[in-house]
Amino acid sequence: MNRKLKTKVMEALSSVVPITVIVLFLSFTVAPMPVGSLILFLFGAILLVVGVGLFSLGVDLAMLPIGDGIGGQIAGSRKLWWMIPVCFVMGVFVTIAEPDLQVLARQVPAVPDMVIILTVAAGVGFFLVMALLRAKFGWPLNRMLILCYAIVFVMAFLVPREFLAVAFDSGGVTTGPVTVPFIMALGGGLVALRKDHDSDADSFGVVALCSIGPILAVMILGLCYNSSDLSYTPFSIPDLETTADVGMYFASGFPTYIKEVAFGLAPIIVFFACFQIIALHLRHRQVIKIIVGMVYTYVGLVLFLTGVNVGFMPAGYYLGEQIAELPFHWILVLIGMVVGWFIVAAEPAVHVLNEQVEEITGGAISQKAMGTTLSVGMAAAVGLAMLRVVTGISVLYFLVPGYLIALVLSFFVPKVFTAIAFDSGGVASGPMTATFLLPFAMGACEAVGGNILTDAFGIVAMVAMTPLVAIQILGMIYQRKSAKEQAGGVVSVQTEDFIISYDDMDDEYSMEESV
């Protein structure tokens with residue numbers, strides 16, 4: 001156990017160090033930070049490393065086995081009248097457990113927090129049922145996505161502008177560190193409903209569908225509320241002078257996230273307990289292992305959320321504000337791209353997705369290839385989001401063509417890549433996006449005099465959109481490489497002194513002496 005924990009912590013360290021170095025570089029050059037805010041950030045980074053390490057281990061020990069076990073039980077029953085309500089309730093419970101949803105709810109003052117939380121949870125529950133029906137009946141994912149996004153973009157022209165970006169952002173924040181491991185494992189269990197040549201592809205795509213539900217749900221909610229009541233609450237940066245002030249500030253934040261994470265994980269624990277008694281009947285040793293894993297998950301999430309909310313949010317906001325006030329504020333786009341490239345590696349759910357992709361594809365799609373592709377997509381997303389902040393361009397001018405390209409690509413790549421791509425969009429837009437990039441965009445937007453609700457919000461949606469294109473392009477490259485491997489070969493010609501070989505796959509010649 002200690003060895004596994006050490007491995008997870010080292011992985012988290014390698015992910016967090018690059019973004020920490022970037023922030024330090026910016027704070028020592030173009031955007032000097034107050035010492036108190038800098039210490040907050042550094043201590044937050046330490047909590048982030050330990051938290052992600054504990055959380056990742058907890059996911060392996062608890063969340064994945066629970067999701068896989070419950071998914072297998074649902075698939076084994078083959079009774080739709082029972083499977084549908086169970087899936088719906090499970091989707092609602094897991095979404096309520098998602099910490100990022102609390103952050104989103106606080107940013108919509110026209111709607112009570114619990115109203116928006118339950119609305120979004122209902123949207124996820126409904127689309128988790130759609131994922132169940134897709135797994136059972138083999139409905140093509142790309143056609144389902146085309147239909148759903150067609151409805152989304154038609155409604156986008158009816159929803160008040162102030163609600164539009166929040167609606168699209170809700171699709172990203174609800175697929176975070178709690179939801180993704182559970183839902184992806186559940187998808188793997190649902191594959192048992194059908195065992196055919198598309199079963200691997202069907203194990204992905206659940207997160208993709210569950211990301212649509214919150215968008216539609218919040219849009220419907222937006223039509224029911226008066227947009228004139230929707231306003232942005234200004235962000236406040238704490239004024240800290242000593243290290244004792246920093247310690248007290250963190251200490252005041254811990255109780256909030258201790259309660260939030262406990263409130264979020266409690267429904268999942270209760271749900272698992274009921275399934276264990278009624279259907280799973282796991283052995284005593286397995287149950288103890290899951291309990292230990294839940295403890296790791298709980299402690300890891302508390303540390304992680306405290307680190308990013310208390311330490312990273314003020315740093316992100318301050319840096320965005322300072323850089324936007326520079327005479328050459330266009331550099332926001334370039335800095336945003338660099339930050340986006342590195343910050344995706346710090347998302348805890350990204351590691352879960354990359355591991356499962358490598359496992360499902362038998363190593364054909366490596367974690368490194370997935371990580372690099374997601375970094376490219378994230379860099380493009382944050383760069384475009386900063387362009388929106390500077391120019392005030394509507395988010396629809398990016399989302400409509402982006403999703404259109406992604407949906408067209410779905411007809412030209414292997415099905416599994418389409419499912420992985422749309423899952424990646426939800427996974428990439430996790431806590432780091434909501435607690436560092438969104439405040440970064442808010443600070444920049446306020447500095448340039450933009451509209452926070454229409455210009456800064458929407459960055460989560462951008463982050464959720466670009467991986468759809470990037471991962472499918474990776475799929476096209478993989479498909480082409482596989483075709484060359486099947487068609488290619490090595491042809492050798494031996495002369496008196498040399499052996500000349502031609503590798504058709506790599507289009508290369510080689511020559512060696514004859515023995």
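By convention here, the first residue in the shown sequence is residue 1. Because the structure is a prediction, the values reported are computed rather than measured.
- In His284, the NE2 atom is not crowded: 12 or fewer heavy atoms of neighbouring residues, nucleotides or ligands sit closer than 6.0 Å.
- Closest non-hydrogen pair, Pro414 versus Gly475, comes out as CD-O, 4.0 Å.
- Between Phe41 and Phe312, the ring planes lie tilted relative to each other; the angle falls in the 30° to 60° range.
- Nearest approach of Leu468 to Ala421, heavy atoms of both residues: CD2-O, 3.3 Å.
- Phe250 and Phe43 have their aromatic ring centers within a separation under 6.0 angstrom.
- By the 4.5 Å heavy-atom criterion applied to side chains, Leu128 and Val206 are counted as neighbours.
- For Ser37 (side chain) and Met33 (main-chain N/O), no donor-acceptor pair under 3.5 Å exists by modelled atom type.
- In this structure, the side chains of Val261 and Val299 stay at 4.5 Å or more apart for every pair of heavy atoms.
- Rounded to the nearest 0.5 Å, atoms SG (Cys148) and CE (Met130) are 6.0 Å apart.
- Between the side chain of Gln367 and the main chain of Asn354, no donor-acceptor pair closer than 3.5 Å is present.
- Side-chain atoms of Thr373 never come within 3.5 Å of backbone atoms of Ile471 as a donor-acceptor pair (strictly under, hydrogens ignored).
- Here the closest heavy-atom approach between residue Thr466 and residue Met378 is recorded as OG1-N, 4.2 Å.
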>> Working note: Ile212 + Leu145, criterion side chain to side chain contact (heavy atoms under 4.5 Å, CB included); need CA distance, chi angles, decisive distance, verdict.
In response: CA-CA 9 Å; Ile212 300 172; Leu145 293 173; 3.7 Å; yes

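- Counting only distance, with no hydrogens or angles, the side chain of Ser56 and the backbone of Gly53 share no donor-acceptor pair below 3.5 Å.
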> Should Val395 and Phe457 be marked as a side chain to side chain contact (heavy atoms under 4.5 Å, CB included) after you check the CA-CA gap, both sets of side-chain angles, and the distance that decides it?
Replying inline: CA-CA 9 Å; Val395 70; Phe457 278 84; over 6 Å; no

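- A perpendicular orientation is assigned to the rings of Phe271 and Phe93, their planes being inclined by more than 60° (bins at 30° and 60°).
- In this structure, CG on Leu437 lies 7.0 Å from CE on Met386, to the nearest 0.5 angstrom.
- When all heavy atoms of Gly300 and Leu54 are compared, the pair lying nearest together is CA-CB, 3.7 Å.
- Nearest heavy-atom pair, Val124 versus Pro214, reported as atom, atom and distance to 0.1 Å: CG2-CG, 3.6 Å.
- Looking at Leu61 and Ile290, their side chains never come closer than 4.5 Å, going by heavy atoms from C-beta outward.
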> Would Arg134 and Leu141 count as a side chain to side chain contact (heavy atoms under 4.5 Å, CB included) if you check the C-alpha gap in whole Å, the side-chain angles of each, and the deciding distance to 0.1 Å?
Replying inline: CA-CA 8 Å; Arg134 169 184 168 248; Leu141 178 64; 3.6 Å; yes

> Thr418 and Gln472: side-chain hydrogen bond (donor to acceptor under 3.5 Å, both in side chains), yes or no, with the steps?
Replying inline: CA-CA 6 Å; Thr418 298; Gln472 289 192 98; 3.1 Å; yes

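- Counting only distance, with no hydrogens or angles, the side chain of Glu446 and the backbone of Gly443 share no donor-acceptor pair below 3.5 Å.
- Counting heavy atoms from C-beta outward, Trp341 and Val382 have side chains that stay 4.5 Å or more apart.
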>> Please evaluate residues Val339 and Phe440 with respect to the criterion side chain to side chain contact (heavy atoms under 4.5 Å, CB included), reporting the C-alpha separation (whole Å), side-chain torsions for both, the decisive distance (0.1 Å), and the verdict.
In response: CA-CA 10 Å; Val339 171; Phe440 184 83; 5.5 Å; no

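- In this structure, the separation between CD1 on Ile117 and CD1 on Ile96 is 8.0 Å, given to the nearest 0.5 Å.
- In this structure the side chain of Val350 reaches within 4.5 angstrom of the side chain of Leu374, judged on heavy atoms.
- With hydrogens and angles disregarded, a donor-acceptor distance shorter than 3.5 Å links the side chain of Gln276 to the backbone of Leu282.
- Just one of Leu48, Val49, Asn309 meets the side-chain contact (heavy atoms from CB on, under 4.5 Å) condition when paired with Phe304; it is Leu48.
- Ring centroids of Phe55 and Tyr296 are separated by 6.0 Å or more, keeping the two rings apart.
- In this structure, Lys289 and Val292 have side chains that are not in contact, with every pair of non-hydrogen atoms separated by 4.5 Å or more.
- Distance check, rounded to the nearest 0.5 Å: CZ of Phe168 to CE of Met462 gives 11.5 Å.
- The shortest distance between side-chain heavy atoms of Leu384 and Val333 does not fall below 4.5 Å.
- Contact annotation: the side chain of Val207 never approaches that of Phe422 to less than 4.5 Å [non-hydrogen atoms, C-beta and beyond].
- Remark: Lys4 does not engage Asp60 in a salt bridge, criterion side-chain N to carboxylate O under 4.0 Å.
- A ring-centre distance under 6.0 Å is found for Tyr403 and Tyr149.
- With hydrogens and angles ignored, the 3.5 Å screen pairs a side-chain donor or acceptor of Asp169 with a backbone N or O of Ala461.
- Rounded to the nearest 0.5 angstrom, Ile323 CD1 and Leu332 CG are separated by 6.0 Å.
- With values rounded to the nearest 0.5 angstrom, Ile22 atom CD1 is found 10.0 Å from Ile335 atom CD1.
- The shortest heavy-atom contact between Phe127 and Gly213 is CD1-CA, 3.3 Å.
- No donor-acceptor pair under 3.5 Å is formed between the side chain of Thr306 and the backbone N or O of Leu303.
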